[in-house]
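To keep things clear, I will list the structure first and then write my remarks on it.
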Amino acid sequence: MLPSNASVHTGRGALVVIPTYDEVENIESIVGRLLAAAPEAHVLVVDDASPDGTGELAERMAAADERVHVQHRTGKLGLGAAYVFGFGWGLEHGYEFLVEMDADGSHPPERLPAMLARVASQAPDAPSLAIGSRWVPGGSVVNWPLSRQVLSRGGNAYARIVLGLSLKDVTAGFRAYRAETVRAMDLSHIDSKGYCFQVDMTLRVLDQGHRVVEVPIEFRERERGESKMSQAIVVEAMLRVTQWGVGRRLAALRGLVGR
Ligand SMILES: Nc1nc2c(ncn2[C@@H]2O[C@H](COP(=O)(O)OP(=O)(O)OP(=O)(O)O)[C@@H](O)[C@H]2O)c(=O)[nH]1
Ligand SMILES: [Mg+2]
């Protein structure tokens, strides 16, 4: 069903999906920065009935700027589900590129043009996914406690080993996808909630035989509002990555034996 405040987008371009839960202090400034950095982009705020009024503020922003759209869900259903919903909306409206970005200011929208340039390239080996990466040369983190750095680097190292990947920041949440690559995925069964949603999406791109590149970004700890990161999200990521790693190795072995 089409939302009342959105006209069908027939042109080509990028839709930046921003999932929000209690981001009333951040949403205006991040959308303003984004549209200044990438004036051609459209934004879809996917709000999970934030008690702090984020959804209502996003509605006012949408009324003032036709590039901004909002969708409301009935409750806090998780980051992964919000993105799956937002991707579905973006595909339905014909966008050519789908972008993931947090509302809290951790992801610099000023880097989006560089990320989009990679996935929009016409080169035969152009990637289908560009990840805004903290852990490649030129990337960095600002104001992150050592504990978070260790967790992110450790989680990435674990995922690299278990899944046999060479990417440095597979859990990163600032990403630009070619829409056709997302369209080719069956996202109806994705139930990953936190970081493992990002790992899951990366594997789905690689499994289609497409390239993934990392574009360095400076990641900043949020300055306002509360983190929704939890121990449960870390545990979920560890368990899922282990499960996927074992599954993929078994499948590879079966392939060898079956030959
Ligand atoms: N719609 C929706 N958005 C969510 C949900 N959980 C988190 N978000 C949003 O997802 C983005 C990332 O959440 P954060 O709390 O910043 O989590 P994080 O970046 O992994 O953790 P920190 O580094 O501690 O900030 C933010 O824009 C949140 O508002 C959810 O259940 N539903
Ligand atoms: Mg954050």
Side-chain angles (χ1 to χ4, degrees), residues 3 15-34 43-59 61 68-90 99-109 112 131-135 139-156 159 169-175 190-201 217-238 240:
L15 178 71
V16 181
V17 181
I18 306 183
T20 54
Y21 191 77
D22 281 356
E23 301 288 0
V24 77
E25 296 168 286
N26 292 314
I27 190 69
E28 257 182 313
S29 88
I30 196 66
V31 171
R33 273 175 68 193
L34 171 70
V43 178
L44 174 67
V45 175
V46 180
D47 186 66
D48 277 6
S50 297
D52 74 351
T54 305
E56 290 78 0
L57 175 56
E59 283 293 347
M61 292 161 55
V68 180
H69 307 275
V70 195
Q71 288 287 287
H72 305 273
R73 301 195 311 153
T74 50
K76 192 173 186 317
L77 299 167
L79 185 71
Y83 274 127
V84 170
F85 179 90
F87 290 160
W89 192 95
V99 175
E100 296 180 21
M101 195 177 85
D102 286 358
D104 60 1
S106 289
H107 300 149
L112 183 59
I131 298 178
S133 175
R134 299 160 283 200
W135 305 125
S140 57
V141 291
V142 177
N143 291 339
W144 240 19
L146 187 63
S147 57
R148 286 301 300 272
Q149 296 195 40
V150 169
L151 185 65
S152 176
R153 279 185 182 275
N156 271 296
D169 202 353
V170 75
T171 58
F174 188 25
R175 292 161 167 247
I190 279 210
D191 64 348
S192 303
K193 292 193 175 54
Y195 299 118
C196 61
F197 173 75
Q198 311 300 357
V199 181
D200 196 346
M201 288 295 295
I217 64 156
E218 181 186 85
F219 176 100
R220 284 187 169 262
E221 170 66 318
R222 64 160 72 236
E223 283 166 8
R224 293 178 298 272
E226 286 193 8
S227 169
K228 282 104 220 164
M229 227 277 282
S230 67
Q231 213 175 358
I233 282 175
V234 177
V235 171
E236 179 197 44
M238 290 282 287
R240 288 271 164 92

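Each ligand, and each atom within it, is numbered from 1 in the order the structure gives. FYI, side chains are in, hydrogens and waters are out, and symmetry mates aren't considered; it's all heavy atoms of this structure.
Not one N or O on the side chain of Ser50 forms a donor-acceptor pair closer than 3.5 Å with the backbone of Asp52. Remark: side-chain polar atoms of Asp104 are paired, donor with acceptor, to backbone N or O of Ser106 under 3.5 angstrom. In this structure a side-chain-to-backbone donor-acceptor pair under 3.5 Å is missing from Asp200 to Cys196.
Ranking protein heavy atoms by distance to atom 22 (P) of ligand 1, first place goes to Ser227 OG, 3.4 Å. Scanning all protein heavy atoms for the shortest distance to atom 5 (C) of ligand 1 gives Lys76 NZ, 3.8 Å. Remark: minimum distance from atom 9 (C) of ligand 1 to any protein heavy atom is reached at Pro19 O, 3.4 Å. Counting only heavy atoms of the protein, atom 10 (O) of ligand 1 lies nearest to Leu79 CD1, 3.0 Å. Protein heavy atom closest to atom 26 (C) of ligand 1, with residue, atom name and distance, is Glu23 OE2, 3.4 Å. When only non-hydrogen protein atoms are considered, atom 15 (O) of ligand 1 lies nearest to Lys228 N, 2.6 Å. The nearest protein atom to atom 4 (C) of ligand 1, hydrogens excluded, is given as Tyr21 CB, 4.0 Å; this is a heavy-atom distance. Looking from atom 25 (O) of ligand 1 to the surrounding protein, the closest heavy atom is Asp104 OD2, 3.2 Å.
Between Val31 and Met61 there is a side-chain heavy-atom pair separated by less than 4.5 Å. When side chains are defined from C-beta on, Ser147 does not count as touching Val150, because their heavy atoms never get closer than 4.5 Å. By the 4.5 Å heavy-atom criterion applied to side chains, Arg153 and Val141 are not counted as neighbours. A heavy-atom distance below 4.5 Å is found between the side chains of Ile27 and Val45.
Distances shorter than 4.0 angstrom occur between a heavy atom of Gly78 and an atom of ligand 1. The shortest heavy-atom distance from Arg148 to ligand 1 is under 4.0 Å.
The pair Arg222-Glu23 counts as a salt bridge, with a side-chain nitrogen and a carboxylate oxygen less than 4.0 angstrom apart. A salt bridge links Glu218 and Arg220; the closest N-O separation between the charged side-chain nitrogens and carboxylate oxygens is under 4.0 Å.
The aromatic rings of Tyr83 and Phe197 lie parallel to each other, their planes meeting at an angle below 30°, with 60° marking the opposite boundary. Relative ring orientation between Phe174 and His107 is described as parallel, the plane-to-plane angle staying below 30° on a 0-90° scale split at 30° and 60°.
Counting non-hydrogen atoms of neighbouring residues, nucleotides and ligands closer than 6.0 angstrom, the CD atom of Glu226 reaches no more than 12 such neighbours. With a 6.0 Å radius and a threshold of 12 heavy atoms from other residues, nucleotides or ligands, Glu221 has its CD atom above the threshold.
Interface of Thr20 with ligand 1, defined as ligand atoms under 4.0 Å from a residue heavy atom, comprises 1 (N), 2 (C), 3 (N), 29 (O). Under a 4.0 Å criterion applied to the non-hydrogen atoms of Asp48, ligand 1 contributes the atoms 1 (N), 2 (C), 30 (C), 31 (O), 32 (N). Atoms of ligand 1 lying under 4.0 Å from any heavy atom of Met229, numbered from 1 in the order shown and given with element: 20 (O), 21 (O), 24 (O). In the vicinity of Val46, heavy-atom distances shorter than 4.0 Å reach the ligand 1 atoms 1 (N). Within ligand 1, the atoms closer than 4.0 Å to a non-hydrogen atom of Tyr195 are 20 (O), numbered from 1 in the order shown.
For the residue pair Trp135 and Ser152, a side-chain donor N or O sits within less than 3.5 Å of a side-chain acceptor on the partner.
Residues satisfying the side chain to side chain contact (heavy atoms under 4.5 Å, CB included) criterion with Pro109, sequence neighbours excluded, are Ile30, Arg33, Leu34, Met101.
Contact annotation for Ile233 and ligand 1: no heavy atom of the residue comes within less than 4.0 Å of the ligand. With a 4.0 Å heavy-atom cut-off, ligand 1 is reached by the side chain of Arg222 but not by its N, CA, C or O.
Under a cutoff of 6.0 Å and an axis angle of 45°, Lys76 and Tyr21 form a cation-pi pair.
By the 3.5 Å distance cut-off applied to N or O atoms, Ala82 is not counted among the residues near ligand 1. In terms of N/O distances under 3.5 Å, ligand 1 is not approached by Asp47. The shortest N or O to N or O distance between Asp102 and ligand 1 is under 3.5 Å. When only interatomic distances are considered, the shortest N/O to N/O separation between Arg73 and ligand 1 does not fall below 3.5 Å.
Taking distances strictly below 2.8 Å, the protein N/O/S atoms close to the Mg ion (ligand 2) are Asp104 OD2.
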